[in-house]
Q: 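Here you go, one structure.
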There are 2 protein chains.
Amino acid sequence: MSTQLTPKQEKVLQAVRDFQAQNGFPPTVRELAEMFGQSSTAGIHKILQILREKGHLVKDGRKSRSLGIVDQGDLHEDRVRSLPILGQVQAGMPQLAYEEKEGDMFIDSEWAGPSESFLLRVRGHSMIDADIRDGDILVVRQTQTCRNGDIVIALLDDEATVKRFYKEHDRIRLQPENPNMQPIYVERDYPNFHIIGIVSGLLRKF
Amino acid sequence: MSTQLTPKQEKVLQAVRDFQAQNGFPPTVRELAEMFGQSSTAGIHKILQILREKGHLVKDGRKSRSLGIVDQGDLHEDRVRSLPILGQVQAGMPQLAYEEKEGDMFIDSEWAGPSESFLLRVRGHSMIDADIRDGDILVVRQTQTCRNGDIVIALLDDEATVKRFYKEHDRIRLQPENPNMQPIYVERDYPNFHIIGIVSGLLRKF
DNA sequence: TTTAATAGTGAACATTTGTTTACTTATTAT
DNA sequence: ATAATAAGTAAACAAATGTTCACTATTAAA
């Protein structure tokens, strides 16, 4: 018996975790078998035994529903973050102007990223070719460093826009992804220009 | 039946809470009876029934150890839900087949909706005109009732697809939002056809 | 007093759940 | 090829657990 988990064992362990998180009590052998579409309980039973031997689960004798999960440090708090939803980006960034806050929303940390982030509701159709629509919510990671092709939130003369970023020899090109709109050019040392952050995600509600 | 709890009921409820906190899973009727030094389970059973009627506990049918504690609205738990991400929809729904699970993700309850939901990774470009791209993740609310124009997950002969739903006189039209693709027509009483759910949201990671 | 609500006992009975045995199938390493 | 491991099926059995019935005791309210 290796000390590693096979893919299947991993899935079963995860299923136990999920069930516990979802229901507040652990699953039975049969429930697990059903989740995996298996008609017999013996297979799952064997896998649970292995998971116990490997120390990932504990169990209280023959009692039903007494599977305990061993490791798993709290998880919840660390996997979720609350971000503000802004109706528009304002001058005065990067300190967020909470004036325009529409509300808050919980996001999986996987999506919020390590640095400061916020959510921004899109106005207008300038990014229609990038499949970003009016009303969509963007996940914006606040940063000054961006690479060619990134979709950025830029602040130009206190006007905020969503554009694709391209650095050219002596200027920056802000490219809308809409055939009907023209790119904006910003000279190298134009004073009133800032990159607020880059778009790392998109949320849309139907 | 008053809405208040008697001292005894209070004690039993507290015992359930303690047991859950201590063991990670809920107590059985007999265990509770033992805790209170009672030789019969019927008394505790009756009290548990009352606690359920008064809304302090919930329980899943006849299942053992399925007592859930209601109040204690930690806020966090209520505003966030964990949904599985599926790589594809399989035959055998609506019981989700865990085989195809890619992982989990926390979603704001605002987006997950009240009924059963899951996340589905999009394969292919059939909905490109609806600005849904290959690789996007859809929030799917499991339901059989959908209206014309809804974007649905449909299961046709064990093949799952994302299409726009239109009910016509004697058939259903599943319309891809891609000019290069043809609609699919399903006759009224075609046997191997199911609506899995409707798409209520979209998540995209850049 | 009578009645209703609460709490309890003992003894069944019904279901759920855990466990085991025997056999099959794939895959992988020797 | 052979053996070992992981995973699965089907069927049975044992134990744990939930539920119900009939009856008793206490207390508070009508």
Side-chain angles (χ1 to χ4, degrees), chain A residues 1-16 19-20 23-69, chain B residues 1-16 19-20 22-69 90-92 95 97-101:
Chain A
M1 178 190 75
S2 82
T3 177
Q4 283 292 318
L5 293 186
T6 67
K8 177 71 186 209
Q9 289 165 9
E10 193 80 60
K11 278 182 194 166
V12 172
L13 177 55
Q14 195 53 49
V16 174
F19 190 103
Q20 171 71 58
N23 300 282
F25 50 86
T28 64
V29 184
R30 277 172 182 75
E31 281 165 342
L32 286 170
E34 278 167 30
M35 284 186 217
F36 287 91
Q38 298 177 202
S39 63
S40 170
T41 58
I44 294 292
H45 186 267
K46 219 179 296 176
I47 292 175
L48 290 177
Q49 228 169 345
I50 296 172
L51 286 172
R52 273 181 274 162
E53 285 165 7
K54 292 187 180 177
H56 295 87
L57 293 176
V58 290
K59 187 168 171 350
D60 197 339
R62 275 183 124 88
K63 284 182 184 172
S64 73
R65 286 190 198 280
S66 64
L67 283 178
I69 298 154
Chain B
M1 179 189 73
S2 83
T3 178
Q4 284 292 317
L5 294 187
T6 67
K8 176 73 185 206
Q9 290 165 6
E10 193 79 60
K11 279 182 196 165
V12 172
L13 177 55
Q14 195 53 48
V16 175
F19 190 103
Q20 170 73 57
Q22 185 94 32
N23 300 281
F25 49 87
T28 64
V29 186
R30 276 171 185 75
E31 282 165 343
L32 286 169
E34 280 167 29
M35 285 186 219
F36 287 91
Q38 300 177 199
S39 63
S40 170
T41 59
I44 293 292
H45 187 266
K46 219 179 295 176
I47 291 175
L48 289 177
Q49 228 168 347
I50 294 172
L51 286 172
R52 274 181 275 161
E53 285 165 5
K54 292 187 179 177
H56 295 87
L57 294 176
V58 290
K59 184 162 172 354
D60 198 339
R62 277 181 123 88
K63 284 182 184 171
S64 73
R65 286 191 197 279
S66 65
L67 283 177
I69 298 156
Q90 276 199 322
Q95 308 91 276
Y98 261 68
E99 291 299 337
E100 296 301 331
K101 217 181 84 167

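A, B, ... follow the sequence lines: proteins, then strands. Residue 1 opens every chain.
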Q: Base, sugar-phosphate alone, or nothing: which one does A/Ile44 contact when heavy atoms must sit under 4.0 Å apart?
A: nothing
Q: Rounded to whole angstroms, how far apart are CG on A/Leu32 and P on C/dT16?
A: 17 Å
Q: In sequence, state the C-alpha distance, the side-chain angles, and the governing distance for A/Arg52 and A/Val58, and then conclude on side-chain contact (heavy atoms from CB on, under 4.5 Å).
A: CA-CA 6 Å; A/Arg52 273 181 274 162; A/Val58 290; 5.9 Å; no
Q: Can you name the side chain to side chain contact (heavy atoms under 4.5 Å, CB included) partners of B/Glu34, sequence neighbours left out?
A: none
Q: I need the CD1-P distance between A/Ile47 and C/dT20, as an integer number of Å.
A: 16 Å
Q: For residues 36-46 of chain B, run the donor-acceptor check on the side chains, cut-off 3.5 Å, and write out each pair with its distance to 0.1 Å, sequence neighbours left out.
A:
from	atom 1	to	atom 2	distance (Å)
B/Gln38	OE1	B/Lys8	NZ	2.7
B/Ser40	OG	B/Ala42	N	3.1

Q: Protein within reach of the bases, or only the backbone? For nucleotides 16-24 of chain D, mark each nucleotide 5' to 3' as B, S or -, using heavy atoms under 4.0 Å.
A: SBBBBB---
Q: Could you tell me the separation between the CZ atom of A/Phe36 and the C1' atom of D/dA7, rounded to a whole number of Å?
A: 12 Å
Q: Which angle, to the nearest 10 degrees, lies between the helix axes at the two ends of the helix from C/dT1-D/dA30 to C/dT30-D/dA1, each defined by five pairs?
A: 30°
Q: Output the rounded distance in Å from CG (A/Leu48) to C1' (C/dT19).
A: 12 Å
Q: With a 4.5 Å heavy-atom cut-off, do B/Arg65 and B/Phe19 have their side chains touching?
A: yes
Q: With B/Gln20, which residues qualify under side-chain hydrogen bond (donor to acceptor under 3.5 Å, both in side chains), at least two apart?
A: none
Q: Nearest 0.5 Å, what's the NZ-CD distance between B/Lys59 and B/Gln49?
A: 10.5 Å
Q: Which atom pair, heavy atoms only, marks the closest approach of B/Phe25 to A/Pro26?
A: CB-CD, 3.5 Å
Q: Take the protein atom CD of A/Gln38 and the nucleotide atom P of C/dT25, then report the distance between them rounded to whole Å.
A: 17 Å
Q: I need the CD-C1' distance between A/Glu34 and D/dT9, as an integer number of Å.
A: 15 Å
Q: Calculate the interatomic distance between A/Glu10 atom CD and D/dA7 atom C1'; express it in whole Å.
A: 16 Å
Q: Within the 4.5 Å heavy-atom criterion, are A/Leu32 and A/Leu48 side-chain neighbours or not?
A: yes
Q: Give, for atom CG of A/Leu57 and atom CD of A/Gln9, the distance between the pair rounded to the nearest 0.5 Å.
A: 11.0 Å
